[in-house]
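Here it is, the structure, as structure tokens.
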Amino acid sequence: MQIDGDRFLADLHALRAIGAAGVGKGVVRPAYTESDVAARRWLAGRFEDAGLEVAVDGMGNLFGLAGGQSLLMGSHSDSQPEGGWLDGALGVIAALEVARASREAGGPAISVVSFQDEEGRFGVTTGSAVWSGHLAQPEADGLTDHAGVTLADARAALSEMVTGPVDPARFTGFIEMHIEQGPALDSAGEQIGVVSDIVGIRDMKITFGGQQNHAGTTPMHLRKDAFQAVSAFNTLLAERFRNVVTPATVWTIGHLSLHPNASSIVPGRAVFSMQWRDGDPDRLARMEAIIRDTAQEVAESRGMDMSFGPLLGLEPVRMDGRLRGALEEAAETVAPGKWRTMPSGALHDATNVSRLMPVAMLFVPSIDGISHAFEEDTAEEDLVAGVEVLARAVAVLG
């Protein structure tokens, strides 16, 4: 099997041009937007050119199917609202190149997928969650983005492309190639990371309800300032997590919205997202208990209302030993002494797909550890090395 590095890079840059924005190699291609739909139509054409059968399910997950039983490879092609050119897209184009090379060499059958809404415009890896049965379509359709658009309305943009369901039973396993999105490989001067496991994630909204009031005439000791409640919650949380978490555990407060968000008004309501990640399900549960208890305590001490939104998330997943072993053997051949086994702190579609079949993942470096930003990049020689590892792994697996 012979990888064509120039062909692979040309396709990767062509996909980048769809939704190109910002500085450097930035991309704006959120799920179901005009640029996302255009990218999927372009990918469908490339799949056909490679001799693959194009299939699109109701969510907009795009498949290039080989005949009969096959190994599935790919990732996603949607982006963050301000994203880089490689996050997700690399895995799709790498899979396409391996599928072409294997077909040209008379090798194993490889199918390709670009899952929809991995970046979470409407939830957590929404497209693969629905395909894997983790999330029912009617429930998914009721999800809304931050502008209030429902998924049901948004996915109508792809209705003309839909061909019908794709049966997971036709696939023997799934391998996803991705940029690391962290600094470990780049800092060590290494080319390849073979993923051992993907951490679990939990995410929910928290609301503090205080009292909106005049910012000039309300004494500090009488205020029920919702933002101050968020600040107190954040400080207490760090203290109470100290003896529970590990250096690999992370948590983030985001999407903070204040009402009415005016400089001369004490904010009466604060809504924010609380997200935490770890590889241990028990630790995730202990963190949840601390979060809930701390939020309740802060609200009660300040005479405020408090509520929680639904808890979303996915469990930690270990990679399949056989698929992972093939990637490790290939990594040692392509990048001897310049690869490592490592966990993934980022969430990926492979987590959902693991409910259906064996999965494995491969990382290449992110320059300076930057991702989810226009500056995201990887040296082209490292990108090609990653595809060569995939191809050799496919040969090992037969």
Side-chain angles (χ1 to χ4, degrees), residues 1-3 5 8 70-75 86 88 90-99 101-102 105 107-113 171-200 248 279-280 316-366 369 371 378-398:
M1 189 188 308
Q2 188 66 43
I3 291 297
F8 157 69
S70 63
L71 179 67
L72 181 64
M73 304 175 75
S75 189
L86 297 171
L90 170 61
V92 178
I93 300 301
L96 173 60
E97 177 56 31
V98 173
S102 187
I110 305 296
S111 293
V112 184
V113 64
F171 306 119
T172 59
F174 176 64
I175 299 179
E176 181 173 5
M177 178 174 163
H178 210 278
I179 53 171
E180 180 196 347
Q181 302 182 283
L185 294 175
D186 187 56
S187 297
E190 295 171 337
Q191 274 194 309
I192 301 294
V194 178
V195 176
S196 57
D197 54 273
I198 303 173
V199 299
D280 183 345
V317 172
R318 291 199 65 78
M319 301 294 98
D320 175 74
R322 177 172 173 266
L323 297 181
R324 172 181 159 183
L327 290 173
E328 290 173 343
E329 182 178 336
E332 181 59 28
T333 300
V334 174
K338 296 181 65 179
W339 69 278
R340 69 171 67 187
T341 299
M342 61 188 300
S344 172
L347 192 63
H348 300 284
D349 289 308
T351 297
N352 290 319
V353 180
S354 70
R355 298 165 56 89
L356 305 172
M357 65 192 73
V359 302
M361 286 199 69
L362 186 76
F363 283 165
V364 292
S366 294
S371 182
T378 297
E380 291 193 347
E381 65 184 76
D382 293 337
L383 297 175
V384 173
V387 182
E388 290 176 346
V389 171
L390 285 183
R392 288 183 177 273
V394 166
V396 168
L397 292 167

Closest heavy-atom pair, I3 versus A101, reported as atoms and distance to 0.1 Å, is CD1-CB, 4.0 Å

**Request:** Inspect the surroundings of CD in E329 and state if more than 12 heavy atoms from other residues, nucleotides or ligands are less than 6.0 Å away.
**Result:**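 Counting other residues, nucleotides and ligands, CD of E329 stays at 12 neighbours or fewer.
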
Separation of M177 CE from S75 OG (nearest 0.5 Å)
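S75 OG to M177 CE: 10.0 Å, rounded to 0.5 Å.
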
key: T378 side chain vs P365 backbone, donor-acceptor pair below 3.5 Å   =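 Such a contact is found between T378 side chain and P365 backbone.
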
### Task
Can you see which heavy atom on S371 is nearest to which on Q181, and at what distance?
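Taking every non-hydrogen atom into account, OG-NE2, 3.0 Å.
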
One should read off an interatomic distance between L362 CG and R324 CZ, to the nearest 0.5 angstrom, of 12.5 Å

In terms of heavy-atom contacts, F363 and P343 come closest through CE1-O, 4.2 Å

Between side-chain atoms of residues 379-398 and protein atoms elsewhere (two or more places apart, or another chain), which donor-acceptor pairs fall under 3.5 Å?
| unit_1 | atom_1 | unit_2 | atom_2 | d |
| --- | --- | --- | --- | --- |
| E380 | OE2 | H13 | NE2 | 2.8 |
| D382 | OD1 | Q191 | NE2 | 2.9 |

Item to complete: Find the distance between CG (D197) and CE (M342) and round it off to the nearest 0.5 Å.
Response: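 Answer rounded to 0.5 Å: 10.5 Å.
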
### Query
Any idea which heavy atoms bring A350 and I198 closest together, and the distance?
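Nearest pair, atom of A350 first, then I198: CB-CD1, 4.0 Å.
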
Output for pair (F174 CZ, M73 CE), nearest 0.5 Å, gives 9.0 Å

- Trace of the side-chain contact (heavy atoms from CB on, under 4.5 Å) decision for V334 with I192: CA-CA 9 Å; V334 174; I192 301 294; 5.6 Å; no

Pairwise distance CG(L72) to CE(M357) - rounded to 0.5 angstrom |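 Answer rounded to 0.5 Å: 6.0 Å.
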
Q.
Under a 3.5 Å distance rule, please check whether S354 uses its side chain to pair with a backbone N or O of T351 as donor and acceptor.
A.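 Present.
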
For G193 and L185, the nearest pair of non-hydrogen atoms, with its separation, is N-CD1, 3.7 Å

Judged by modelled atom types alone, do S366 and E180 share a side-chain donor-acceptor pair under 3.5 Å?
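No - no donor-acceptor pair under 3.5 Å links their side chains.
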
Check your understanding: Taking C-beta and beyond as the side chain, do M319 and V359 meet within less than 4.5 Å on heavy atoms?
Key ->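 Side chain of M319 against side chain of V359, heavy atoms only: contact under 4.5 Å found.
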
Can you tell me how far the CG atom of L71 sits from the CD1 atom of I175, to the nearest 0.5 Å?
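Here the rounded value is 5.0 Å.
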
Inset, instruction - Indicate yes or no for a side-chain donor-acceptor contact from S102 to the backbone of P108 under 3.5 Å, with no hydrogens or angles considered. - result: yes

